Peer 1: 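For reference, the structure I am asking about is given below.
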Amino acid sequence: MTSSQIRQAFLDFFAQKGHAIVPSAPVVVKNDPTLMFTNAGMNQFKDYFLGNKTAPNPRVADTQKCLRVSGKHNDLEEVGVDTYHHTLFEMLGNWSFGDYFKKEAIEWSWELLTKVFGIPEDRMYVTVFEGDASEGIPADDEAAAEWKKWISPDRILLGNKKDNFWEMGDTGPCGPCTEIHVDTRVDAERAQVDGKTLVNADHPQVIEIWNNVFIQFNRTKDGSLQPLPARHVDTGMGFERLVRVLQQKQSNYDTDVFTGTIAAIEKITGKKYEGSDTGKSDIAFRVLSDHIRAVSFTVADGQLPDNGGAGYVIRRILRRAVRYYYSYLDYKQPLLHQLVPVLAGQFANVFPELAAQQAFVARVIREEEESFLRTLEKGLRRIDDLLARGQITGAEAFELHDTYGFPFDLSRLIASEKNISINEAEYEAERRNQQDRGRKDRAVDASDWITVNEGINNSLFVGYDSLETKANILRYRQVKAKGKESFQLVLDRTPFYAESGGQVGDTGILISGDQRIRIIDTKKENDLIIHFTDSLPAQLGGEFTAKVDGDKRQKTALHHSATHLLHAALRRVLGTHVAQKGSLVNADYLRFDFSHFAKMTDEEIAQVEAIVNEKIRENIPVVIRQMPKDEALKLGAMALFGEKYGDTVRVVTIDPNYSVELCGGTHVGNTGELGLFKITSEGAVAAGVRRVEAVCGAAAERYVNEQLQQLQAVKEALKSPKDLVKAISSLQEENNSLQKQVEKFQQAQLNGLRDSLLQQKEEVNGATFIGKIVSVANADGLKKLAFDIKGQLANAAVVLAANIEGKASVAIAFDDALVSSKGLDAGTLIKQVVAPLIKGGGGGQKGLATAGGQDVSNLQAVIDAVRAKV
């Protein structure tokens with residue numbers, strides 16, 4: 001069977017067992033503060049397990065894109081080195097929400113594996129939970145009894161809490177699990193060593209392929225376990241491992257899940273994949289064929305490479321791949337982007353979002369590759385210098401990250417190849433110091449939810465139709481963050497819109513008699529609507545009036561409807577490749593990120609504004625309807641990549657021939673309410689992504705008036721010339737002319753100072769040393785002076801210091817001969833000696849480096865310290 005046939009056979013099997021087949025959720029997680037990425041098949045069903053939401057289908061099956069490279073599920077170090085770890089992988093799963101339980105789950109697992117897929121029974125082992133007396137959790141005798149109906153008792157193994165008890169997190173739903181392992185070794189090896197001794201022993205050929213989790217408990221914050229009112233089944237089967245077993249391969253990378261990508265890499269590089277376990281070029285093939293999947297699907301789902309958070313995880317993966325093809329496949333130009341078409345075609349039927357954005361994803365990846373390749377060679381030279389010395393400190397690892405763009409785990413990988421370790425704690429300390437993270441101030445401690453009213457779990461949102469409603473508090477919790485105490489409430493009915501789809505959350509008040517409780521924000525946590533307050537009502541159990549700030553909501557709605565008009569106008573002016581990549585909608589302005597590869601011209605901006613304002617003047621009704629998702633897509637409604645939509649969707653139409661989008665936000669009744677639309681800025685935010693900021697309504701009127709006031713002030717400052725542009729051009733020409741004269745005078749001063757300093761040279765330990773406190777206009781002049789003096793002398797060692805407008809400035813220059821023969825390093829001296837003395841910072845190369853600081857009292861001490869080093 002091909003991998004596509006195997007996937008379809010799994011889905012067909014569970015469809016026949018009454019399961020609804022649902023699409024994969026995006027790999028990028030929204031509205032869940034505990035996750036960056038979907039790392040398990042159950043993530044999209046979390047609310048059903050938590051009881052926040054009722055499952056529309058009690059039985060579901062799917063194949064889910066998962067990413068595990070952060071947190072406790074961090075497999076990045078093993079990816080490519082072994083045969084079965086991956087960053088992005090598919091998880092096949094079947095689910096029961098309060099329907100069937102252990103009997104059916106175990107029976108169907110066995111039926112599928114043995115009858116449909118034909119895996120020999122004597123190659124399989126199962127594990128069940130042995131119990132944990134310390135936590136009072138009994139052994140899972142029920143699962144063991146079910147397995148005895150299908151498999152020999154000697155193949156039923158007991159597993160500990162680590163392997164056979166699944167938990168969502170420190171708190172929440174949990175339960176015992178039963179794993180199915182397959183022994184793929186050849187018969188001769190199986191005869192020598194009993195396979196049961198290799199289960200859960202990290203043997204590359206005795207592998208777990210399926211885990212059936214039986215969610216029957218809830219763990220509270222005090223660590224105790226409480227039985228759940230409804231019991232659930234949550235299963236996950238690694239697709240890549242299953243394909244490997246069924247195609248009888250010794251490595252996941254030998255299956256047709258990866259062979260197409262590996263063949264493309266062979267064609268691009270001219271190298272041959274041999275399939276060895278240890279060869280660096282073969283590891284590189286595996287790294288590339290794995291990492292391109294993680295990067296491509298994550299970008300397609302809306303997460304761009306970045307310097308922080310989820311974006312940095314993707315950048316790390318991409319840069320690890322670049323280093324592998326650069327160093328071990330001898331390929332010095334962008335490679336990864338060339339593999340995107342291969343993946344897009346391979347997964348077009350199961351994950352069509354990549355094929356739909358193929359050009360965009362390839363462009364983003366190529367620009368990321370080009371950016372890293374520009375610094376990679378210098379960084380590799382620097383790391384080779386450090387490795388030749390036999391160690392890399394945490395501070396030096398941070399320099400590799402900060403200066404050359406090397407993620408820490410890439411530096412650690414390169415060092416490990418030379419059997420050298422890096423102190424990660426030191427690196428983290430350096431990173432925290434520079435970025436001033438203040439993690440303790442941002443730490444959030446949330447207590448368990450306290451139930452006020454039983455029986456209802458989630459809010460009914462009524463805010464599309466009303467800004468005020470009667471409501472009861474269902475539950476609340478206390479939150480401590482940044483040293484402050486606040487509270488979060490869940491209501492049975494709410495008019496408050498929770499932050500979603502780029503639109504900010506509503507604010508307002510809860511009213512009970514004379515008491516007013518401020519709602520300062522509204523957010524979603526998974527699908528739970530949470531109201532943030534500074535205080536709690538005196539009586540939690542009574543009825544309240546929940547009232548939204550109507551003025552803020554109306555201004556926000558104006559900007560949300562304007563966003564839809566803007567999106568359609570951009571597609572008309574720039575092309576249909578334009579797709580939304582992010583947005584922010586609030587009462588003051590809108591921000592819209594979209595795929596496009598060039599700066600918008602002034603003419604294009606004016607054209608977009610003209611189209612939007614024309615639609616405003618037409619006063620088009622904004623029509624909002626609920627309909628099945630498939631029907632909406634047939635109408636041409638635009639859906640956002642990376643969003644998870646239900647079976648029923650909300651469609652916002654502003655003229656069927658102009659704008660039809662799936663959207664859960666709030667909107668105006670007619671476009672005329674927007675009044676005026678004005679773009680305030682346009683720029684780049686990432687590779688292939690532009691950002692427009694704009695205002696409408698009263699905010700646009702204020703913006704235009706402010707611009708006119710500034711224009712009037714400029715006219716008055718220039719004495720109201722008839723031709724303002726000509727007057728400003730004349731001023732600029734005059735300023736340029738005067739600037740050139742100043743530069744000539746400054747250069748003459750520097751030349752004179754240089755000649756004077758050359759007369760003050762002295763011999764110090766074989767070096768021609770010049771160290772002086774000088775008077776110069778700026779730090780650039782100081783650096784240039786040190787460089788010029790160095791060029792005039794043999795074996796020059798120059799240190800110049802200056803007090804420039806009350807700030808210390810230092811420049812150090814060493815002749816190349818001193819650097820190589822005596823090991824002098826200006827950059828290291830600046831960081832280790834100079835910066836502490838002047839209470840500042842700086843850096844540079846071995847031959848030329850500079851620093852700036854607050855303390856001018858130690859300038860002579862700086863010169864003495866450098867002289868002593870020489």
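These figures come from a predicted structure and were not determined experimentally. Every heavy atom of this structure was used, including side-chain atoms; hydrogens, water molecules and symmetry mates were not.
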Peer 1: If only atom types and distance count, is the side chain of Ser24 paired as donor or acceptor with the main-chain N or O of Lys65 below 3.5 Å?
Peer 2: yes
Peer 1: Under the 3.5 angstrom rule, does the side chain of Arg477 hit a backbone N or O of Gln488 as a donor-acceptor pair?
Peer 2: no
Peer 1: Give a yes or no on whether the backbone of Leu491 and the side-chain of Ser459 come within a donor-acceptor separation of less than 3.5 Å.
Peer 2: yes
Peer 1: Please report whether the ring centroid of Phe214 lies less than 6.0 Å from that of Trp166.
Peer 2: no
Peer 1: Donor-acceptor pair, distance only, cut-off 3.5 Å: does the side chain of Glu609 make one with the backbone of Phe677?
Peer 2: no
Peer 1: Judged by atom type as modelled, is there a donor-acceptor pair below 3.5 Å linking the side chain of Asn57 to the main-chain atoms of Val60?
Peer 2: no
Peer 1: Would a distance-only check, ignoring hydrogens and angles, find a side-chain to backbone donor-acceptor pair under 3.5 Å from His19 to Arg59?
Peer 2: no
Peer 1: Are His567 and Phe594 near enough that their ring centres are under 6.0 Å apart?
Peer 2: no
Peer 1: Distance only, no hydrogens: is a donor on one side chain within 3.5 Å (strictly under) of an acceptor on the other, for Thr235 and Asn212?
Peer 2: no
Peer 1: Measure centre to centre between the rings of Phe592 and His564, then say whether the value is under 6.0 Å.
Peer 2: no
Peer 1: Start with the C-alpha gap between Lys523 and Glu499, add the side-chain angles, then the distance that decides, and say whether salt bridge (Lys or Arg N to Asp or Glu O under 4.0 Å) holds.
Peer 2: CA-CA 5 Å; Lys523 293 182 182 291; Glu499 179 182 318; 2.8 Å; yes
Peer 1: Salt bridge (Lys or Arg N to Asp or Glu O under 4.0 Å), that's the test. Do Glu614 and Arg617 meet it? Break it down for me.
Peer 2: CA-CA 5 Å; Glu614 178 187 0; Arg617 288 191 296 273; 5.9 Å; no
Peer 1: Carefully, step by step, assess Glu631 and Arg625 under the rule salt bridge (Lys or Arg N to Asp or Glu O under 4.0 Å).
Peer 2: CA-CA 12 Å; Glu631 181 182 335; Arg625 291 187 293 160; 5.3 Å; no
Peer 1: Between Arg650 and Gly665, is there a donor-acceptor pair closer than 3.5 Å when you use the side chain of the first and the backbone of the second?
Peer 2: yes
Peer 1: Using modelled atom types and a 3.5 Å cut-off, is there a donor and acceptor pairing between side-chain atoms of Asn619 and backbone atoms of Gly672?
Peer 2: yes
Peer 1: Begin with the C-alpha distance, continue with both residues' side-chain angles, and end with the deciding distance and a verdict on salt bridge (Lys or Arg N to Asp or Glu O under 4.0 Å) for Lys17 and Glu104.
Peer 2: CA-CA 10 Å; Lys17 302 292 186 186; Glu104 294 85 353; over 6 Å; no
Peer 1: Should the pair Phe297 and Phe351 be assigned to parallel (<30°), tilted (30 to 60°) or perpendicular (>60°) ring geometry?
Peer 2: perpendicular
Peer 1: Go through it in stages, so that I can follow the logic: the residues are Thr666 and His560, the test is side-chain hydrogen bond (donor to acceptor under 3.5 Å, both in side chains), and I'd like the CA-CA distance, side-chain angles, deciding distance and then a yes or no.
Peer 2: CA-CA 7 Å; Thr666 63; His560 205 148; 5.3 Å; no
Peer 1: May I ask you to check whether Gln64 and Gln44 show a side-chain donor-acceptor distance below 3.5 Å?
Peer 2: yes
Peer 1: Just by modelled atom types, is the Leu354 backbone N or O under 3.5 Å from a matching donor or acceptor in the Gln358 side chain?
Peer 2: no
Peer 1: Would you call Asp506-Arg553 a salt bridge at under 4.0 Å N-O?
Peer 2: yes
Peer 1: Can you say whether the rings of Tyr497 and Phe461 are parallel (under 30°), tilted (30 to 60°) or perpendicular (over 60°)?
Peer 2: perpendicular
Peer 1: If you measure only the distance, is there a donor-acceptor pair under 3.5 Å linking the side chains of Ser561 and His667?
Peer 2: yes
Peer 1: Any donor-acceptor pair under 3.5 Å linking the side-chain atoms of Thr63 with those of Glu90?
Peer 2: yes
